[in-house]
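The first residue of the sequence shown is numbered 1, and numbering continues consecutively from there. Values below: all heavy atoms of this structure, side chains included; hydrogens, waters and symmetry mates excluded. Note that the structure is a prediction, hence the values are computed from the model and not measured.
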Amino acid sequence: MPSNTDVARELYAAFERADPKILLELLHPDFVGHVSEGMPWGWGGAHVGPAAMLTEVWGPVWRRFRVRPVPERFLSCDDGTVVVTGTYVGQRPDATLPLTAAFAHVIALRDGQVRELHQITDTRRWAQAAAAADAEAVGQLFAAAEERDGEALLDAYATDVVIREAPSLPYGGVYHGQAGALRHALAYNATWDHLQSAEDRRLQPQIRGHDDQVVVTWRQQATASDGRHLDVPVVDLIGLRDGKVASLEMFQQDTAAVLDFLAHHEGNDPG
């Protein structure tokens, strides 16, 4: 019969191969995983059952960072637990900088399977990587909007995204799903394209966020044929899920100024 340390080594070999079938076989039916509370994206806390640990933590961690725990020491304790220390090593699929964070895992076993795992890790490194990932996802959204790249824009949205814009605006209202996101983008472009130079389209986003919640400030600019210029700040509240924009709520600082600008332009449009 394999020793507790042997079973622990098998666990990390399964992590190395990213093999969910073997991982589930190694976990006891009563498994509980305790993840450090400071982990980003709601991963922290207790996860009860093998499937919960795989779908709520290990699967999302792999998708976001292609991360694996690289063990360096296996310490067998008198009470039967195994303490494993090492380093998480990973990298976001679309990034160049790696994620590295030290860890210690306290593993309890029963009947030749992993019954409990307590994770201790450098949560600050994870938070920094998460913030960088969220900022990059939002930055891609704004770059697509500036470039009027519809394919990249939709790729930035979750399939069930919800967009909310002030209903008084020509493109205002609530939009659901990627089809709704496309309608919103087309209505926005129809309103502004003929009033914006390349410089006006520069949104100048300032991105701040924490744990899948991002606040972005940017500028809504336009220039009418008579030289009138519009420049008003906008605040967006963005919710992210698995690297995609799941919710977007936009707040124009001065919808009256925007509507006045558009009405003045229409009133002076020779067409």
Asks: Assess, by modelled atom type and distance only, whether the side chains of His105 and Gln119 contain a donor and an acceptor separated by less than 3.5 Å.
Replies: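 On atom types as modelled, these side chains do not qualify, holding no pair under 3.5 Å.
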Asks: Taking atom CG of Asp79 as the centre, does the number of heavy atoms from other residues, nucleotides or ligands within less than 6.0 Å exceed 12?
Replies: yes
Asks: What pairs of donor and acceptor atoms, side-chain ones from residues 124-133 against any protein atom, are under 3.5 angstrom apart with sequence neighbours left out?
Replies:
{"from": "Arg125", "atom 1": "NH2", "to": "Thr100", "atom 2": "OG1", "distance (Å)": "3.2"}
{"from": "Trp126", "atom 1": "NE1", "to": "Thr121", "atom 2": "OG1", "distance (Å)": "3.3"}

Asks: Which pair of non-hydrogen atoms, one from Gly80 and one from Leu109, has the smallest distance, and what is that distance?
Replies: O-CD1, 4.0 Å
Asks: Considering non-hydrogen atoms only, spot the tightest contact between Pro205 and Glu146 and give its length.
Replies: CD-OE2, 4.2 Å
Asks: Measure the acute angle between the ring planes of Tyr188 and Trp192, then classify it against the limits of 30° and 60° as parallel, tilted or perpendicular.
Replies: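 Aromatic pair Tyr188/Trp192 classed tilted.
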Asks: Please report the shortest heavy-atom distance between Pro50 and Pro29, naming the atom on each side.
Replies: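 That closest heavy-atom pairing would be CD-O, 3.7 Å.
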Asks: Mind listing the closest non-hydrogen atom pair of Pro170 and Leu262 along with its distance?
Replies: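 Heavy-atom minimum between the residues: CG-CD1, 3.9 Å.
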Asks: Check whether Phe103 and Leu99 end up in the same hydrophobic cluster, where Ile, Leu, Val, Met, Phe, Trp and Tyr are linked by side-chain heavy atoms less than 4.5 Å apart.
Replies: yes
Asks: If every non-hydrogen atom of Pro69 is compared with every non-hydrogen atom of Phe15, which pair is closest and at what distance?
Replies: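 Where Pro69 meets Phe15 most closely, the heavy atoms are CG-CD1, 3.5 Å.
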Asks: Look at the side-chain heavy atoms of Ile, Leu, Val, Met, Phe, Trp and Tyr, link any pair under 4.5 Å apart, and say whether Val216 and Leu237 land in one connected group.
Replies: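 No, Val216 does not connect to Leu237 through the hydrophobic network.
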Asks: The criterion is side-chain contact (heavy atoms from CB on, under 4.5 Å); which residues satisfy it with Ala145, sequence neighbours excluded?
Replies: Leu153, Leu203
Asks: What do the steps show when you test Arg219 against Asp200 for salt bridge (charged side-chain N to carboxylate O under 4.0 Å, His left out), and what is the final call?
Replies: CA-CA 9 Å; Arg219 312 296 300 188; Asp200 288 334; over 6 Å; no
Asks: Using only heavy-atom distances, determine whether the side chains of Thr159 and Gln178 contain a donor-acceptor pair under 3.5 Å.
Replies: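 Short answer, no.
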Asks: Not counting sequence neighbours, which residues clear salt bridge (Lys or Arg N to Asp or Glu O under 4.0 Å) with Arg202? List them please.
Replies: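 Partners of Arg202 under the salt bridge (Lys or Arg N to Asp or Glu O under 4.0 Å) test: Glu199.
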Asks: Mind telling me whether Phe65 and Trp43 have parallel, tilted or perpendicular rings, with 30° and 60° as the class edges?
Replies: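 Plane angle over 60°, so perpendicular.
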Asks: Under the 4.5 Å side-chain heavy-atom rule for ILVMFWY, direct or indirect, which residues accompany Val89?
Replies: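 ILVMFWY cluster around Val89 also holds Val70.
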Asks: I'd like to know if Phe31 and Ile22 are part of one continuous hydrophobic network [Ile/Leu/Val/Met/Phe/Trp/Tyr, side-chain heavy atoms within less than 4.5 Å].
Replies: yes
Asks: Go through the side-chain N and O atoms of Thr223 and Gln196 and say whether any donor and acceptor fall under 3.5 Å apart.
Replies: no
Asks: May I ask you to test the Trp41-Leu240 pair for a side-chain heavy-atom distance under 4.5 Å?
Replies: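 The answer is no, as the side chains (C-beta and beyond) never meet within the 4.5 Å cut-off.
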Asks: For Asp160, check salt bridge (Lys or Arg N to Asp or Glu O under 4.0 Å) against everything at least two apart and list the hits.
Replies: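 Applying salt bridge (Lys or Arg N to Asp or Glu O under 4.0 Å) to Asp160 gives Arg241.
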Asks: Restricting to pairs with a member in residues 11-28, which pass salt bridge (Lys or Arg N to Asp or Glu O under 4.0 Å), not counting sequence neighbours?
Replies: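 Listed once each, the pairs are Glu16-Arg68, Lys21-Glu25.
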Asks: For residues Met250 and Glu165, report the shortest heavy-atom separation together with the two atoms involved.
Replies: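 Shortest heavy-atom separation between Met250 and Glu165 comes out as SD-OE1, 2.8 Å.
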Asks: Before giving the answer on side chain to side chain contact (heavy atoms under 4.5 Å, CB included), spell out for Val232 and Leu230 the whole-Å C-alpha distance, their side-chain angles and the decisive distance to 0.1 Å.
Replies: CA-CA 6 Å; Val232 296; Leu230 176 73; 3.8 Å; yes
Asks: Do NZ/NE/NH1/NH2 and the carboxylate oxygens of Arg208 and Asp134 come within less than 4.0 Å?
Replies: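 A salt bridge is absent here (no side-chain N lies under 4.0 Å from a carboxylate O).
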Asks: Could you state whether Met53 and Leu24 fall into the same hydrophobic cluster, counting links through intermediate Ile, Leu, Val, Met, Phe, Trp or Tyr residues with side-chain heavy atoms under 4.5 angstrom apart?
Replies: yes
Asks: Evaluate the side chain to side chain contact (heavy atoms under 4.5 Å, CB included) criterion for residues Ser247 and Val161: first the C-alpha distance (whole Å), next the side-chain angles of each, then the deciding distance (0.1 Å), finally the verdict.
Replies: CA-CA 5 Å; Ser247 63; Val161 63; 5.8 Å; no
Asks: Quick one: are Leu169 and Gln252 in side-chain contact, heavy atoms under 4.5 Å?
Replies: yes
Asks: How long is the gap from CD1 on Ile238 to CG on Leu248, to the nearest 0.5 Å?
Replies: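 That separation rounds to 5.5 Å.
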Asks: Which distance, rounded to the nearest 0.5 Å, do you find between the CZ of Arg201 and the CD of Gln221?
Replies: 13.0 Å
Asks: Is it true that Asp236 and Arg164 have a side-chain N and a carboxylate O under 4.0 angstrom from each other?
Replies: no
Asks: Rounded to the nearest 0.5 Å, what separation is found between the CG atom of Leu154 and the NZ atom of Lys244?
Replies: 10.0 Å
Asks: For the residue pair Tyr12 and Phe74, categorise the inter-ring angle as parallel (less than 30°), tilted (30 to 60°) or perpendicular (more than 60°).
Replies: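 Ring orientation, 0 to 90° scale: perpendicular.
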